[in-house]
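Reminder, nothing fancy here: chain letters follow the sequence lines and each chain counts from 1.
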There are 2 protein chains.
Amino acid sequence: MDAHLRDLRYFVAIAEELNFTRAAERLFVSQPALSKQIRQLEEGLRARLFDRDRRAVALTAAGQALLPRASELIRSWDEAQRAVSDAAAAEAAVLTVGLSTSIGRGLLHGVRERFAERRPGWQVQYRQINWDDATAGLAEGRVDVALVWLPVPGQEAFRTRTVATEARWVAMREDHRLVWRDEIAFDELHDEPFLALPPSAGPLRDHWLAVEQRAGRAPRIGAVVRNAEETFAAVEEGSGIVLLAAGNAEIYRRPGIIARPVTGLPPTELAVAWRPDDHRVVLRDFVEAWAPDSDSQRLSQRVLDAEQ
Amino acid sequence: MDAHLRDLRYFVAIAEELNFTRAAERLFVSQPALSKQIRQLEEGLRARLFDRDRRAVALTAAGQALLPRASELIRSWDEAQRAVSDAAAAEAAVLTVGLSTSIGRGLLHGVRERFAERRPGWQVQYRQINWDDATAGLAEGRVDVALVWLPVPGQEAFRTRTVATEARWVAMREDHRLVWRDEIAFDELHDEPFLALPPSAGPLRDHWLAVEQRAGRAPRIGAVVRNAEETFAAVEEGSGIVLLAAGNAEIYRRPGIIARPVTGLPPTELAVAWRPDDHRVVLRDFVEAWAPDSDSQRLSQRVLDAEQ
DNA sequence: CCGCCGTGATAGCCAGGGGTTATGGACGCC
DNA sequence: GGCGTCCATAACCCCTGGCTATCACGGCGG
């Protein structure tokens with residue numbers, strides 16, 4: 001009897017939660033679906049995996065035997081998937097780059113040139129990823145490398161190299177009470193409704209809400225936005241204001257929306273990120289194309305210079 | 001995207017055959033089913049796994065990356081299944097024993113006693129397995145240990161210990177031309193129609209047809225039989241004659257059927273068999289219960305004595 | 001003691017996945 | 001040029017895997 005790897009994921013989730021309902025939520029399926037699948041898995045294996053005696057769910061001996069093996073199978077399968085897409089990418093000579101922001105800043109041209117120099121024949125495919133995944137597709141293996149704002153969730157799970165350090169600005173509708181200022185102290189914004197990234201973005205959501213600079217007072221959330229289009233639509237519509245990187249204030253300039261520098265906030269960092277277990281040379285070449293001398297400070301300075 | 005482990009088996013089979021049609025036969029599915037599944041696997045992985053250019057099938061780079069990992073996943077899954085059923089068996093304190101023959105011979109009583117002595121609280125569950133699987137369920141992991149006639153197919157894949165060595169007899173209908181003989185030379189039986197085990201029994205089928213004693217002349221097959229019931233029904237009905245172990249001549253005695261010793265044939269061996277990677281103590285205890293002093297010769301002798 | 005809440009199981013329904021047979025189309029071979 | 005081999009496609013069918021609604025049971029609070 002062969003199982004679906006999905007069923008093993010179900011099993012592991014329940015084994016971790018020891019609660020069918022919560023596991024179902026985590027897996028985005030209904031609780032009866034989980035019960036049914038586990039029952040079928042148990043029938044296929046001819047062994048009960050969980051003792052459910054009305055009040056508590058517990059692993060049986062068989063379940064305990066399966067758990068580490070199932071986790072390992074899932075891990076191996078995920079790794080196999082990555083190996084396959086890496087091989088396919090290598091054959092097609094395409095590197096897929098996840099973006100969670102517009103880049104601009106004059107960076108892309110230089111990157112393209114330096115990368116082409118090292119890897120003639122290779123193409124770079126940029127893919128825009130919504131902000132529910134703050135790793136821009138890296139976590140799910142949808143991209144080979146990503147350009148993200150720090151902090152990236154689960155940062156220790158990835159390697160990053162900063163390619164730009166920028167002050168944070170605020171974007172607001174042109175009829176906002178503060179538009180006449182040349183720059184705005186963050187303290188004045190505490191009670192404004194902010195646009196927020198989806199909760200799944202974790203620490204990055206907090207970063208763009210400047211939670212650490214609020215001294216424990218919770219931010220007001222005007223709307224949840226998942227990409228730049230949604231963001232500026234929400235600003236235009238008056239749902240709230242939003243922090244953004246200085247460089248993006250220029251890129252996303254549009255009629256009816258004003259951006260101003262914010263004081264009292266540490267700067268934000270744009271970084272290139274990759275998986276630590278991905279040792280492909282082409283990947284290193286791409287990363288090097290962003291910061292050829294490994295000196296991200298100097299690079300960032302150049303970026304800032306260019307903006308003035 | 002999660003795959004079904006079955007699909008990985010499909011993939012591996014095709015990768016080995018490099019031929020969809022032959023792989024489909026080997027897997028007992030239709031060729032279109034295989035094509036469809038592989039296409040879906042390829043879609044799920046967003047990578048072609050095979051180049052099929054009309055005349056030949058070959059692995060792509062992505063396929064080459066997947067092959068060893070898929071094999072390993074399958075192996076791990078099979079191992080996990082065994083671990084689960086071992087754990088379930090240990091919890092229930094049940095050892096499942098596959099039989100491909102009746103045992104009798106006064107052996108079971110002693111085995112039961114010696115095993116119960118070492119493992120109080122454990123139960124032994126005997127399961128009759130048809131002869132298509134000459135390993136009596138061991139190969140498919142349906143049993144923990146098996147009692148089989150040697151040679152067991154893929155013998156190097158299992159550990160065996162002989163528990164009885166017996167001469168071979170022949171069973172025939174009472175109106176057979178040779179029933180008046182006290183014993184029969186095998187040479188006289190060359191042209192008789194024989195009952196045969198299913199082809200999947202491999203070398204064991206040949207053993208009970210005494211192929212090696214026929215000097216290259218193919219046996220006549222009267223019928224294919226898959227268990228003792230079918231065998232004696234076929235003998236009674238006149239489909240042919242059949243070789244059997246001396247001990248079984250007694251056990252399976254029934255009206256209308258006569259058994260006689262056959263000369264000119266090497267004896268046959270009954271053995272207890274188990275998987276070499278199964279190191280459970282309870283298993284060793286069970287094996288020891290068959291041949292407590294590791295001296296299978298003495299045990300066999302005792303069996304033969306008991307028959308006289 | 002009663003009713004509510006949380007939890008898992010069950011029932012009934014529906015879409016689609018995985019199988020089948022029949023057939024098509026490209027290529028190599030005689 | 002006809003035939004055989006081999007993979008793909010089409011049409012169909014059943015069962016699986018998902019859903020919603022509901023039940024059964026135990027704990028708990030009023």
Starting at atom CZ of A:F50, determine the distance to atom C1' of C:dT7, rounded to an integer number of angstrom. 15 Å

For a quick test of your reading: what N or O donor-acceptor pairs under 3.5 Å do the side chains of residues 65-76 of chain A make, sequence neighbours left out?
residue : atom : partner : partner atom : Å
A:R69   : NE   : B:E79   : OE1          : 2.8
A:R69   : NH1  : A:A65   : O            : 2.8
A:R69   : NH2  : B:E79   : OE2          : 3.4
A:S71   : OG   : A:L67   : O            : 3.1
A:E72   : OE1  : A:R75   : NE           : 3.4
A:E72   : OE2  : A:R75   : NH2          : 3.1
A:S76   : OG   : A:E72   : O            : 2.9

Rounding to an integer number of Å, can you tell me how far B:D2 CG sits from D:dG17 C1'? 14 Å

Separation of D:dG18 atom C1' from A:R9 atom CZ, nearest Å, is 18 Å

Separation of atom CD in B:E43 from atom P in D:dA8, rounded to whole Å: 12 Å

Applying side-chain hydrogen bond (donor to acceptor under 3.5 Å, both in side chains), can you list everything that pairs with A:R52, at least two apart in sequence or on another chain? A:E42

A:R220: side-chain contact (heavy atoms from CB on, under 4.5 Å) partners, not counting sequence neighbours: A:P193

Taking salt bridge (charged side-chain N to carboxylate O under 4.0 Å, His left out) as the definition, give me every residue that meets it alongside A:D51, ordered by chain and number, with sequence neighbours left out. none

Report yes if a side-chain nitrogen or oxygen of A:T21 is closer than 4.0 Å to either non-bridging phosphate oxygen (OP1 or OP2) of C:dG8; otherwise report no. yes

Base contacts versus sugar-phosphate-only contacts with protein, heavy atoms under 4.0 Å: please encode nucleotides 9-22 of chain C as B, S and - from 5' to 3'. BB-------BBBBB

Would you say A:N19 reaches C:dG6's phosphate, i.e. side-chain N/O to OP1/OP2 under 4.0 Å? no

Using the side chain to side chain donor-acceptor pair (under 3.5 Å) rule, collect all pairs that involve residues 27-36 of chain A, keeping only residues at least two apart or in two chains. A:Q31-A:S35

Ionic contact status for B:D278 with B:R82, cut-off 4.0 Å: no

